[in-house]
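A short write-up of the structure that comes next.
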2 protein chains.
Amino acid sequence: MYICPMYSSELLKGTLKTIVLNLLKEQGKMYGYEITQRVKMLSSDKIQITEGALYPLLHALEKQGDVTTHEEFIGKRVRKYYSLTEKGTVSANEKVNELSDFMLTLRFLLNLDSTSANG
Amino acid sequence: MYICPMYSSELLKGTLKTIVLNLLKEQGKMYGYEITQRVKMLSSDKIQITEGALYPLLHALEKQGDVTTHEEFIGKRVRKYYSLTEKGTVSANEKVNELSDFMLTLRFLLNLDSTSANG
DNA sequence: CATTATACATAAGAAAGTTATGTATATTTG
DNA sequence: CAAATATACATAACTTTCTTATGTATAATG
């Protein structure tokens, strides 16, 4: 039985903000826990965002005006929803474009542009 | 006139070791300065490895047995060449595979798998 | 001869994560 | 129904891995 390993933690550094901004752009609004679960699912458990990484990032994004928040109560428990501002939408696009470009450069640097099939 | 910007520094984090190991695998042996110049060239100046990042990394790789070194003198000036050990070759392959896989996951997460042409 | 390029090295600081801990409510399970 | 797990937030201490700054020295160039 094959256990799918997580990526080494260095790899997530530098891409986490882009991932979060892009999810918010696609989903409209999300709360923190939801983001961790969605990334976990979409990555087949290979990317698990820790709360210690996510919440400080969301707070920073709010502080610099990329997102706004509103709270909703589910019974007695609060959910804090985050949505992109206009500035945040611009940031999201810029970040995704930069990362996309960076990955192209990396593929070239690492000679991963094989046109033939590979395993 | 378009000035090609460098990638934001977070992006290089996590990929530097992979880049260096892969270059050594392809080139057989390289010295530090040569690595910085080659990456700069291959990336059209968009990735510039700083010496403060590279040399400590090379020393760490040597310490953990991924590379061996030998010095050559060019006139009075020394060049320290680095080559992969067997262990280092395994590390290089593992690292490249992991990064390649990670990039696939990212493309999926960020919805970059467009089959149509894009700009 | 002054500047730039080559070539190494390391220390101080910043950025961005992980790990650990804390609080509290909701749901599932034995 | 009690205990365990899941949901949901938050923050502090620590680590890793860069950047920035500094230092030394030789070679080439204008």
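Chain naming here is simple, since letters A, B, ... match the order of the sequence lines and numbering starts at 1 in each.
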Check: [Y] and [X] side chains under 4.5 Å, non-hydrogen atoms:
X	Y	value
B/Leu21	B/Leu61	yes
A/Glu34	A/Gln27	no
A/Lys25	A/Val96	no
A/Tyr82	A/Val20	no

Is [X] touching bases, backbone alone, or none of the nucleic acid, heavy atoms closer than 4.0 Å?
X	result
B/Gly32	sugar-phosphate
B/Leu16	sugar-phosphate
A/Gly52	base
B/Arg77	base

Starting at [atom1] of [X] and ending at [atom2] of [N], how long is that distance when rounded to a whole Å?
X	N	atom1	atom2	answer
A/Ile74	D/dC9	CD1	C1'	14 Å
A/Arg38	D/dA8	CZ	C1'	18 Å
A/Arg79	D/dC9	CZ	P	8 Å
B/Glu62	C/dT10	CD	P	11 Å
A/Phe73	C/dA26	CZ	P	11 Å
A/Lys63	C/dA16	NZ	C1'	16 Å
A/Leu57	D/dT11	CG	P	14 Å
A/Leu54	C/dG17	CG	P	10 Å

Can you tell me which nucleotide in D/dT11, C/dC8, D/dC9 comes closest to the side chain of B/Lys80? C/dC8
Answer yes or no: does a side-chain N or O of [X] lie under 4.0 Å from OP1 or OP2 of [N]?
X	N	answer
A/His59	D/dT11	yes
B/Lys76	C/dA7	no
B/Lys17	D/dC18	no
B/Tyr31	C/dA7	yes
A/Thr50	C/dT18	yes
A/Tyr55	D/dA10	no

Comparing A/Tyr33 with B/Ala53, nearest DNA chain D nucleotide closer to 5' gives the residue A/Tyr33
Output yes when A/Glu26 and A/Arg38 qualify as a salt bridge under the 4.0 Å nitrogen-oxygen rule, no when they do not. no
Take the angle between the ring planes of B/Tyr81 and B/His70 and call it parallel below 30°, perpendicular above 60°, tilted in between. parallel
Polar side-chain contact A/Lys13-D/dT16 base: donor and acceptor under 3.5 Å: yes
What I want to check is whether an N or O donor and acceptor connect the side chain of B/Glu10 with the base of D/dC18 at under 3.5 Å. no
